[in-house]
Q: 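Below is the structure I would like to discuss, written out as structure tokens.
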Amino acid sequence: MTDSQLLRYSRHILLPQIGIEGQETLARSHVLIVGAGGLGSPAALYLAASGVGRLTICDGDTVDLTNLQRQIGHATSRIGQPKPDSIRFALADLNPEVGVIAVDGRMDENRLLPYVTDADVVVDASDNFSTRHAINRVCIARRKPLVSGAVVRFDGQVAVFDLRRADSPCYHCLFPAEGEDHDTRCAVMGVFAPLAGIIGCTQAAETLKILLDMGQSLNHRLLLLDGLAMTWRTIRLNKDTSCGACSATPQPAAYA
């Protein structure tokens, strides 16, 4: 590591669980973030600040004035720009050593496949169930750890689905795709601005722990936050042996 890197990451290096070796591991790592909004912004900022070497950020939206109340990776001067390009600018200013790949457009399974395949961890910071289930299916096919988050109103949730492990539940185990559509967009329901930061930062923390094989991840657990009472609740998650996504089923031809 250079003298500049030793200074930049000195507070990480001081931690015995990370040290120089761990920091070098982060520099070699690649994280895919799907969604550059309220969750993706803080997650990307903290992963870049922490020295993750490569970030691929996907989003099909443009920066709007209504985003700026909570989507801290963007700025008034970048209204109208594609969100991946806007957040790439913010990350370059924060840490120019991090390589950022900006992918504009909504992601389906075929578009996700090469990015998931190349990533070490996938962060789901999307805002709709169809994208979340597409991410889940590709992560299952490629056995990639998935860090999932969601916020609405004053409520937030985080879970890790470590799909490298045969006993891990997946997103479909928790929210079956054939169930009722519960999409609750911020434009309709509203969201408490700091809540997006809390959940996005928690996703970043879980991602770093997975990359460093450090501590205990949220795999097998759903963490729920009531932002009004500021109370956390944990629900144990088990693999659904009849899950239509992660149970033993033939692999789709697209993933062969």
Q: Looking at CG of Leu163 and CD1 of Ile140, how far apart are the two atoms once the value is rounded to the nearest 0.5 Å?
A: 5.5 Å
Q: Within this structure, what is the CZ-SG distance for the pair Arg143 and Cys246, rounded to the nearest 0.5 Å?
A: 10.5 Å
Q: Determine yes or no for a side-chain-to-main-chain donor-acceptor pair under 3.5 angstrom, with Asp104 supplying the side chain and Pro82 the backbone.
A: no
Q: Mind checking what makes ring pair (Phe, Tyr, Trp, His ring centres under 6.0 Å) contact with Phe192, not counting sequence neighbours?
A: Phe154
Q: Output the rest of the hydrophobic cluster of Leu65: all Ile, Leu, Val, Met, Phe, Trp and Tyr residues reachable through side-chain heavy-atom contacts under 4.5 Å, sorted by chain and number.
A: Val63, Leu68, Ile79
Q: Determine whether a donor-acceptor pair (N or O, by modelled atom type, separation under 3.5 Å) exists between the side chain of Asp93 and the backbone of Ala90.
A: no
Q: Checking side-chain polar atoms at under 3.5 Å, does Asp240 have a donor or acceptor matched by the opposite partner on Ser242?
A: yes
Q: Within the 4.5 Å heavy-atom criterion, are Leu225 and Leu195 side-chain neighbours or not?
A: yes
Q: According to a hydrophobic-cluster definition based on side-chain heavy atoms being under 4.5 Å apart (Ile, Leu, Val, Met, Phe, Trp, Tyr only), do Leu113 and Val116 belong together?
A: yes
Q: Would the distance check show the side chain of Lys83 and the main-chain N or O of Ile57 forming a donor-acceptor pair, the cut-off being under 3.5 Å?
A: no
Q: Kindly give the heavy-atom pair with the smallest separation between Leu94 and Arg8, and that separation in Å.
A: O-NH1, 3.3 Å
Q: Hey, does the side chain of Gln203 reach the backbone of Asp124 with a donor-acceptor pair shorter than 3.5 angstrom?
A: yes
Q: Scan Pro169, Cys173, Cys170 and name whichever one has a side chain to side chain contact (heavy atoms under 4.5 Å, CB included) with Leu237.
A: Pro169
Q: Following the transitive rule for hydrophobic clusters with a side-chain heavy-atom cut-off under 4.5 Å over Ile, Leu, Val, Met, Phe, Trp and Tyr, establish whether Val158 and Leu45 coincide in one cluster.
A: yes
Q: Side-chain contact, heavy-atom cut-off 4.5 Å: Phe161 with Leu174?
A: yes
Q: Determine, for Asp155 against Arg153, whether the closest basic-nitrogen to carboxylate-oxygen distance falls under 4.0 angstrom.
A: no
Q: Start with the C-alpha gap between Leu55 and Ile101, add the side-chain angles, then the distance that decides, and say whether side-chain contact (heavy atoms from CB on, under 4.5 Å) holds.
A: CA-CA 6 Å; Leu55 297 174; Ile101 302 167; over 6 Å; no
Q: Does Arg236 have more than 12 heavy atoms from other residues, nucleotides or ligands lying within 6.0 Å of its CZ?
A: yes
Q: Under 4.5 Å side-chain heavy-atom separation, chaining through any Ile, Leu, Val, Met, Phe, Trp or Tyr, what else clusters with Ile13? Say none if it is isolated.
A: Met1, Leu6, Tyr9, Ile20
Q: With a 4.0 Å cut-off on N to O distance, would you call Arg88 and Asp85 a salt bridge?
A: yes
Q: Nearest 0.5 Å please: distance from the CD atom of Glu206 over to the CD atom of Gln216.
A: 9.5 Å
Q: Keeping the roles fixed (side chain from Arg70, backbone from Thr66), state whether a donor-acceptor pair exists under 3.5 Å.
A: yes
Q: Ignoring hydrogens and geometry, is there a side-chain-to-backbone donor-acceptor pair from Asp120 to His30 under 3.5 Å?
A: yes
Q: Residues two or more places apart in sequence or in another chain: which of them pass ring pair (Phe, Tyr, Trp, His ring centres under 6.0 Å) with His133?
A: Tyr171, His172
Q: Which heavy atom of Ala48 sits nearest a heavy atom of Asn95, and at what distance?
A: O-ND2, 2.9 Å
Q: Any chance you could lay out the side-chain contact (heavy atoms from CB on, under 4.5 Å) test for Val122 and Arg142, step after step, and finish with the verdict?
A: CA-CA 11 Å; Val122 178; Arg142 287 296 182 251; over 6 Å; no
Q: Is there a side-chain contact between Leu222 and Gln157, using heavy atoms and a 4.5 Å cut-off?
A: yes
Q: Quick one: which of Asn136, Val34, Asp108 gives a side chain to side chain contact (heavy atoms under 4.5 Å, CB included) with Thr131?
A: Val34
Q: Hey, what do you get for CG (Leu32) to CE (Met107), rounding to the nearest 0.5 Å?
A: 7.0 Å
Q: Could you see if Tyr46 belongs to whatever hydrophobic cluster contains Val98? Use Ile, Leu, Val, Met, Phe, Trp, Tyr and a side-chain cutoff under 4.5 Å.
A: no
Q: How far does NE2 of His74 sit from CD1 of Ile87, to the nearest 0.5 angstrom?
A: 5.0 Å
Q: Do Val152 and Val191 have side chains that get closer than 4.5 Å, going by heavy atoms?
A: no
Q: Return a table of donor-acceptor pairs under 3.5 angstrom between the side chains of residues 144-151 and protein atoms on other chains or two or more places apart.
A:
unit_1, atom_1, unit_2, atom_2, d
Lys144, NZ, Thr117, O, 3.2
Lys144, NZ, Ala119, O, 2.8

Q: Is it the case that atom CG in Asp213 sees more than 12 heavy atoms from other parts of the structure closer than 6.0 Å?
A: no
Q: Under the 3.5 angstrom rule, does the side chain of Arg78 hit a backbone N or O of Gly73 as a donor-acceptor pair?
A: yes
Q: Apply side-chain contact (heavy atoms from CB on, under 4.5 Å) to residues Asp226 and Thr231 and explain how you reach the verdict.
A: CA-CA 5 Å; Asp226 177 344; Thr231 56; 3.6 Å; yes
Q: How about Leu224 and Trp232: do any of their side-chain heavy atoms sit closer than 4.5 Å?
A: no
Q: For Gly40 and Ala125, work out which heavy atoms get closest and say how close.
A: N-CB, 3.4 Å
Q: Would Arg106 and Asn128 count as a side-chain hydrogen bond (donor to acceptor under 3.5 Å, both in side chains) if you check the C-alpha gap in whole Å, the side-chain angles of each, and the deciding distance to 0.1 Å?
A: CA-CA 11 Å; Arg106 185 157 179 167; Asn128 65 87; 2.8 Å; yes
Q: Could you tell me the separation between the OG atom of Ser50 and the CZ atom of Arg11, rounded to the nearest 0.5 Å?
A: 14.0 Å
Q: So if I apply the side chain to side chain contact (heavy atoms under 4.5 Å, CB included) rule between Ile33 and each of Leu39, Thr56, Leu47, which one comes out positive?
A: Leu47
Q: Counting only N and O atoms by type, is there a donor-acceptor contact under 3.5 Å from the side chain of Ser217 to the main-chain atoms of Asn219?
A: yes
Q: Asp162 and Ser168: side-chain donor and acceptor closer than 3.5 Å?
A: no
Q: Begin with the C-alpha distance, continue with both residues' side-chain angles, and end with the deciding distance and a verdict on side-chain contact (heavy atoms from CB on, under 4.5 Å) for Arg137 and Arg132.
A: CA-CA 9 Å; Arg137 287 189 292 267; Arg132 290 171 188 161; over 6 Å; no
Q: Using a side-chain heavy atom cutoff under 4.5 Å and only I, L, V, M, F, W and Y, what cluster partners does Leu14 have?
A: none
Q: More than 12 non-hydrogen atoms from neighbouring residues, nucleotides or ligands closer than 6.0 Å to CG on Asp167, yes or no?
A: yes
Q: Is there a donor-acceptor contact under 3.5 Å from the side chain of Ser247 to the main chain of Cys243?
A: yes
Q: Heavy atoms, side chains only, cut-off 4.5 Å: are Ile210 and Met214 in contact?
A: no
